[in-house]
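None of the values given here were measured: they were computed from a predicted structure. So you know, we letter chains A, B, ... as the sequences are listed, proteins then strands, and number each from 1.
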There are 4 protein chains.
Amino acid sequence: MSFAPHSDPSRGSERPLPASAAARATRERILDVAEALFAERGFAGASMREIAARAGLTAASLYNHFSGKDALYAAVLERGIRPLIDLMEGMSQKGHSPEAVDALICAVMHHLGRRPHLPRLVYHEAVAGGAHLARLAGQWVRPLVERGLDAMEHAPGSYWDEELRPLVISAWIHLVVGHFAMAPLLREVLGRDPFDPDMLELQTRFLRRLATLQQAGTDPSHLTDD
Amino acid sequence: MSFAPHSDPSRGSERPLPASAAARATRERILDVAEALFAERGFAGASMREIAARAGLTAASLYNHFSGKDALYAAVLERGIRPLIDLMEGMSQKGHSPEAVDALICAVMHHLGRRPHLPRLVYHEAVAGGAHLARLAGQWVRPLVERGLDAMEHAPGSYWDEELRPLVISAWIHLVVGHFAMAPLLREVLGRDPFDPDMLELQTRFLRRLATLQQAGTDPSHLTDD
Amino acid sequence: MSFAPHSDPSRGSERPLPASAAARATRERILDVAEALFAERGFAGASMREIAARAGLTAASLYNHFSGKDALYAAVLERGIRPLIDLMEGMSQKGHSPEAVDALICAVMHHLGRRPHLPRLVYHEAVAGGAHLARLAGQWVRPLVERGLDAMEHAPGSYWDEELRPLVISAWIHLVVGHFAMAPLLREVLGRDPFDPDMLELQTRFLRRLATLQQAGTDPSHLTDD
Amino acid sequence: MSFAPHSDPSRGSERPLPASAAARATRERILDVAEALFAERGFAGASMREIAARAGLTAASLYNHFSGKDALYAAVLERGIRPLIDLMEGMSQKGHSPEAVDALICAVMHHLGRRPHLPRLVYHEAVAGGAHLARLAGQWVRPLVERGLDAMEHAPGSYWDEELRPLVISAWIHLVVGHFAMAPLLREVLGRDPFDPDMLELQTRFLRRLATLQQAGTDPSHLTDD
DNA sequence: GATGAATGAGGATTCATTCAT
DNA sequence: AATGAATGAATCCTCATTCAT
């Protein structure tokens with residue numbers, strides 16, 4: 001039930017001090033179970049008591065690490081999304097060549113596949129329009145959109161009209177994140193788990209081919225796969 | 001295009017006889033506000049009290065119309081999705097010609113645009129993997145997927161490998177439903193409301209062109225819009 | 001443990017509608033026990049649970065009658081102090097003759113003797129400087145002070161300098177209300193209960209004599225200051 | 001005639017050895033803020049955490065100085081009241097002449113004016129009838145009452161019947177301590193702070209004149225009762 | 001069909017307190 | 001002497017639900 005911490009202690013925005021190693025471990029454990037439960041039930045549906053229980057604590061103890069439910073939720077979001085932001089920032093320096101786009105798709109898919117709860121978390125927030133949506137949008141999604149628009153603008157001869165481009169970006173988000181966020185539904189309908197390495201590889205292939213197809217729209221002379 | 005009680009008396013799952021007209025009206029009012037609130041806050045976040053209040057009632061009165069929160073939620077889901085099922089069933093008799101697909105896209109977009117809360121409702125359920133997901137998947141999504149696979153199979157020369165096809169269908173769902181479900185996020189990021197007639201028309205245009213593009217993948221000789 | 005309701009239904013500021021007789025009775029019962037407990041422990045020390053238990057209810061049921069702890073406290077204060085305000089307003093029309101003052105003392109003492117918790121309630125609030133103090137001061141104490149100053153001003157030849165007069169009023173409040181509010185201390189020290197009819201009569205006698213003494217000061221033939 | 005324990009080192013109730021100077025300073029700091037907070041909110045309303053915070057400590061650290069909340073409260077009470085006890089004992093050796101009474105009033109007023117929280121503390125305890133009331137009454141108030149009764153008895157021709165005398169003493173307490181204890185209310189009603197030097201001087205003048213007036217009653221030439 | 005009153009369960013959070021560090 | 005982490009009990013309050021009216 002607990003996924004790899006992936007913590008980046010050099011960036012601890014909440015508790016700057018190193019604290020004890022045990023305390024940091026507890027904190028990560030809380031964040032792990034909270035991420036899972038928030039993803040499963042949404043903010044309102046997840047209870048501090050159950051988060052605590054799953055982390056092997058009492059509800060009261062949570063308050064030694066986070067000042068409240070909201071702060072815990074924010075920390076979960078922060079920890080989950082930060083790597084994506086970093087990913088994108090690193091990417092923006094590598095230009096928008098087809099290879100770079102291809103690499104970005106692979107990297108994002110890989111990251112999301114490793115943190116299975118994050119997409120659902122984001123979707124819960126996105127669908128509900130909760131209090132943290134603004135920050136989520138501003139810090140993560142908007143930069144991504146702008147980068148994407150930039151890339152399309154600088155592409156030699158884009159297939160898409162300028163007014164359609166935002167929707168293209170939006171579509172890419174739906175496709176990339178949605179695949180994981182809707183995992184419960186897809187499991188039910190397709191009978192296969194989107195997190196299965198097979199499915200993961202398949203979806204990656206699908207997305208890359210889609211990217212190819214899109215670029216082919218400009219010059220559709222060479223449609224090849226892998 | 002008519003949403004009212006679906007005129008199928010043999011299916012009344014909740015209350016056998018609709019009783020008085022006033023009662024039916026109250027019931028619809030409850031369903032309306034419940035749909036909105038469930039979409040906004042998810043199942044756990046929506047309270048019977050607030051639903052009742054928005055419907056001009058007391059919480060106790062809700063129980064004269066629905067046996068409990070779960071039943072109310074089920075009824076909301078049922079009422080919202082039924083027309084989509086009907087839509088698809090009607091469609092299946094018209095073949096899978098590009099024109100038919102085009103018409104389906106238009107029809108679905110139109111329906112979802114009219115019932116703004118439904119997609120978020122579905123997404124909440126899909127992301128959370130709640131108790132009603134199985135029925136939702138079985139009655140609505142699976143038929144849709146099968147129909148889609150069927151169509152792709154019978155297409156002259158499909159661009160997509162057989163193993164990718166389920167993902168293509170899944171992608172279409174992400175694109176079509178996601179546009180509305182993620183409305184809060186899109187509003188935040190794009191600064192425009194997905195339900196605006198302009199945006200609605202734009203997204204429809206985008207999807208149709210995508211369909212064209214996909215088919216063009218087979219024979220990409222004629223990429224035209226509208 | 002429960003004292004006479006003394007409720008004045010013609011003035012119900014909280015629940016204008018008559019409600020059921022049983023409901024009104026419950027409400028009064030809650031107010032009775034809340035008055036006692038707030039007096040005993042102060043606002044912070046009294047718990048909703050215990051108030052409910054003493055009233056034969058569950059804590060949740062309290063919220064059917066009062067919107068929260070604050071509202072309950074306010075209602076207790078209102079119900080207890082309203083008669084005093086009325087008393088004073090009635091008094092103000094009878095002039096400030098020694099007989100009137102004498103009657104006022106008797107009436108106030110009688111009322112406070114009947115509602116033994118009220119003075120402690122007021123003292124808790126006055127000493128703590130709580131949120132309701134402003135209203136308490138404005139509605140009850142300030143009018144009383146102004147009436148008193150008025151009376152002293154119109155007295156033929158007052159013994160007290162103008163600047164001392166507010167302190168005289170303040171002193172009267174200390175004496176009248178304090179006798180009851182400090183009941184626990186007095187019981188401990190004097191070994192007698194301030195609410196004993198004997199003590200009550202004694203204190204009344206003391207106060208009346210004090211009033212006489214004060215008015216006798218009007219003829220300051222042999223009084224010196226400093 | 002001596003009640004107080006008083007300078008009996010064998011009774012060191014809290015901490016046998018004051019330990020380091022720094023520790024003693026911390027202890028005093030804690031007592032200071034605790035006195036203020038207990039006065040402001042009463043025993044139940046004051047939290048260890050906030051006391052600690054105001055003292056620049058963590059709640060856990062309080063337990064290095066006091067064994068618990070009760071002990072802390074007791075220590076605050078003890079520290080505040082001890083000087084009053086001493087004051088009174090010193091007084092008892094100077095007889096009951098009008099000058100002595102006058103000096104006592106001045107001394108007590110001066111002390112209370114210097115320790116603004118003490119009266120409210122005492123009133124909270126007196127009104128609530130808490131666990132420490134007995135000691136407070138026995139050590140401080142009862143001696144005072146007995147001294148007062150003694151004085152009145154030995155006065156040449158007292159104006160007050162024997163049965164009224166306890167109430168006279170009680171009244172004096174109300175007047176002297178109440179002026180400070182009810183500071184929040186008086187501020188609200190009179191618009192002036194009882195601790196202002198002006199007000200302090202005024203109240204002292206008022207009390208001394210009252211004492212004069214009372215002694216003047218000794219010659220009851222024109223005073224009638226009932 | 002609507003409602004006010006009642007309730008048990010549970011919500012988040014704070015409490016005083018302990019203990020290893 | 002100070003503290004961070006942990007906790008059981010208690011805080012106020014909301015929840016969905018029932019039932020007599």
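- Between L77(A) and F38(A) the shortest side-chain heavy-atom distance does not fall below 4.5 Å.
- Here dG8(E) sits opposite dC15(F) as a Watson-Crick or G-U wobble pair (both hydrogen-bonding atom distances under 3.5 Å).
- Distances shown here put a side-chain N or O of H65(D) below 4.0 Å from the OP1 or OP2 atom of dA2(F).
- One atom, CD of E50(C), and another, P of dT11(F), lie 8 Å apart when rounded to the nearest Å.
- In terms of heavy atoms, G42(B) sits closest to H124(B) at N-NE2, 3.6 Å.
- Of the side-chain N and O atoms in R49(B), none sit less than 4.0 angstrom from OP1 or OP2 of dT14(F).
- At the heavy-atom level, A46(A) lies under 4.0 Å from the strands shown only through sugar-phosphate atoms.
- For the pair F66(A) CZ and dT14(E) C1', the interatomic distance rounds to 18 Å; values are reported in whole Å.
- When heavy atoms are screened at a 4.0 angstrom cut-off, A55(D) is found touching no nucleic acid atom at all.
- Toward the 5' end of DNA chain F, the nearer of the two residues S47(B) and S61(D), judged by each one's closest nucleotide, is S61(D).
- Within 4.0 Å (heavy atoms only), A52(C) reaches no atom of the nucleic acid at all.
- Per the geometry, OH belonging to Y63(C) stands 15 Å off P belonging to dA6(E), to the nearest Å.
- Heavy-atom distances to DNA chain E give each of A59(D) and L62(B) a nearest nucleotide, and the one nearer the 5′ end belongs to L62(B).
- A pairwise comparison of heavy atoms in F66(B) and A71(B) identifies CD2-O, 4.5 Å as the closest pair.
- Note: CG (N64(C)) to P (dA6(E)) measures 6 Å, nearest angstrom.
- Among the nucleotides dC12(F), dA2(E), dA5(F), the one closest to any side-chain atom of A60(D) is dA5(F).
- Each of R54(A), R79(A), R27(A) was checked for a salt bridge (Lys or Arg N to Asp or Glu O under 4.0 Å) with D32(A), and the lone residue meeting it is R79(A).
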task = Any chance you could lay out the salt bridge (Lys or Arg N to Asp or Glu O under 4.0 Å) test for E78(B) and R82(B), step after step, and finish with the verdict?
result = CA-CA 6 Å; E78(B) 161 75 15; R82(B) 168 74 48 200; 2.6 Å; yes
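- At least one side-chain nitrogen or oxygen of T58(C) sits closer than 4.0 Å to the OP1 or OP2 atom of dG8(E).
- Between K69(C) atom NZ and dA10(F) atom C1' there is a gap of 12 Å when expressed in whole angstrom units.
- Residue whose closest nucleotide on DNA chain E sits further toward the 5' end, between F43(A) and G56(B): G56(B).
- Rounded to whole Å, the distance from CZ on R27(C) to P on dA5(E) is 10 Å.
- The distance from atom CD1 of I51(A) to atom C1' of dA12(E) is 11 Å, rounded to the nearest whole Å.
- Both distances falling under 3.5 Å, in either a Watson-Crick or a G-U wobble arrangement, place dA20(E) opposite dT3(F).
- Atom-to-atom, CE of M48(A) to P of dA10(F) comes out at 21 Å; the value is rounded to the nearest Å.
- For A23(C), the side-chain atoms get nearest to dA5(E) when compared with the rest of dA16(E), dA5(E), dA6(F).
- For the OP1/OP2 pair of dA2(F) and a distance below 4.0 Å, the side-chain nitrogens and oxygens of T26(D) include at least one atom meeting the criterion.
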task = Let me see the working for H117(C) and V76(C) under side chain to side chain contact (heavy atoms under 4.5 Å, CB included), right down to the final yes or no.
result = CA-CA 10 Å; H117(C) 306 304; V76(C) 166; over 6 Å; no
